[in-house]
Amino acid sequence: MKFGGTSVADSDRIKNAARRIVAAREAGNRVVAVLSAQGKTTDALVSQANEISERPVTREMDMLLSTGERISCALAAMAIHDLGHEAISLTGSQAGILTDTSHTKARIVDVRADRIAAALDDNKIVLVAGFQGVSTDSKDVTTLGRGGSDTTAVAVAAALKADVCEIYTDVDGVFNADPRIVPNARMLPVVSFEEVLEMSASGAGVLQLRSIEYARNHGVRIHCRSSFHDRTGTMVVSQEETMEQPLVTAVTHATNEARVTVRGVPDRPGVAGELFTKLADANINVDMIIQNESMGMDHPAEMTFTVPKDDLAVALDTLHAMGEFDDVDSDPSMGKVSVIGAGMRSHPGVAAKVFTVLGQQGINLEMISTSPIKISCVIDGERVGDAVKALHDAFELGVAEEQATGDFRPVAP
Ligand code: ASP
Ligand code: MG
């Protein structure tokens, strides 16, 4: 059972999470709970670090950020004791979460869950601090990237061969668009790994991308549901288990994209390789890439790509340091809208419809990229909301009126 930041935001909610954990235990299950930091704790710690230092040393950043999750776990263990059950809280390191050494974005390399297993055998409820581990190399504390508690939960579930990994959150499940933008967005009772991977990669915030990859690779069943009520939520299942393949399953968006244009890229083999190797070495995830071919022999080319807004400064530093290009230009205020659906693989015309709908809205397409089950367009960041609404509407993804006020609405905590 994994509880996100909102679900443990204050003492009452920690007690509520503790009650749910205890109820699962009393129903006869062995329970491990992975907790996030309370509310906006991690954001607050990041701000604090930035007050002290412009570029905080990443090792110390991880020492700092990993504390939030430990607080949640210790408090929840106390609450569980008061409910008459034995509980023990563990840091990521104590729980055997082993990672590489890329501080603030570490990857789990192994989970040695013997200590968790022993505590379970001892009839204890185990609380594991999410979002953190320990480097096998340096023995330093690491963190797994924002939203990383999801990945901790999936990794622990995989290591223990758990029946299910339940992700308790502040929404009812996985929606087919952001309900804050599209009020009649629909909750998906079932979604395939491949679709939810594309959704998460293109901006949907429900689950950390890596957690879905990990779950798919290790065959972990994910059940995403609300911590505030008992309704079923969303099951993430394999492609074979999904009954139908709708043409379009979801519309997602992101507003944290920055566009970089590099002019005067020398027209010779290997240049793109060098450029993107440098960016990769700086740990920057490049998303969409377009190259405009040069206008004839020996003329320089132009390369445009997107990076997360937070990585823009480092990306620009890296490119300038290469000193090979005429000009590097950037726009930090881009947005991206994506349409995802396993059914589009075998149906023509989805891209045409997406472009037509956006055109009717007077939205200019700056860049386009596709996968077999996704069409993404980079557009002006300010128009993202309009784009999502228009596409959700055009593909008829909304809930019927009566449902909109019924089962699917989030319930106040
Ligand atoms: N507390 C961390 C964050 O805010 C990890 C998580 O919540 O999953 O990103
Ligand atoms: Mg989260």
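Given the structure is predicted, the values throughout are model-derived calculations rather than measurements. Order of appearance sets the numbers: ligands from 1, and atoms from 1 within every ligand. Here, residue 1 is the first one in the sequence, and each next residue gets the next number.
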- Item | K2/E166 salt bridge by N-O under 4.0 Å criterion | no
- Query: For atom 3 (C) of ligand 1, which candidate among Q38, K40, Q132, R146 holds the nearest heavy atom?
  - Reply: R146
- Query: Any N or O on G145 sitting closer than 3.5 Å to an N or O of ligand 1?
  - Reply: no
- Message: Please enumerate all residues that pass side-chain contact (heavy atoms from CB on, under 4.5 Å) together with R146, with sequence neighbours excluded.
- Response: T42, D43, V46
- Message: For residues 101-110, which residue pairs pass the salt bridge (charged side-chain N to carboxylate O under 4.0 Å, His left out) check, not counting sequence neighbours?
- Response: D110-R112
- Relative to each other, are the rings of F305 and F276 parallel, tilted or perpendicular (30° and 60° limits)? perpendicular
- Message: So if I count the atoms of ligand 1 from 1 in the order they appear, which ones are less than 4.0 Å from some heavy atom of S36?
- Response: 6 (C), 7 (O), 8 (O)
- Item | Carboxylate-amine/guanidinium proximity below 4.0 Å for D329 and R263 | yes
- Query: ligand 1 and T42, any nitrogen or oxygen pair closer than 3.5 angstrom?
  - Reply: yes
- Query: Any idea which part of E69 is under 4.0 Å from ligand 1, heavy-atom wise: side chain, backbone, both or neither?
  - Reply: side chain
- Distance-only N or O hit between ligand 1 and S149, under 3.5 Å: yes
- Which of the ligand 1 atoms, numbered from 1, are nearer than 4.0 Å to a heavy atom of G147: 3 (C), 5 (C), 6 (C), 8 (O), 9 (O)
- Message: Assess whether a salt bridge exists between R225 and D172, defined as any Lys/Arg side-chain N lying under 4.0 Å from an Asp/Glu carboxylate O.
- Response: no
- So is G130 in contact with ligand 1, going by heavy-atom distances below 4.0 Å? no
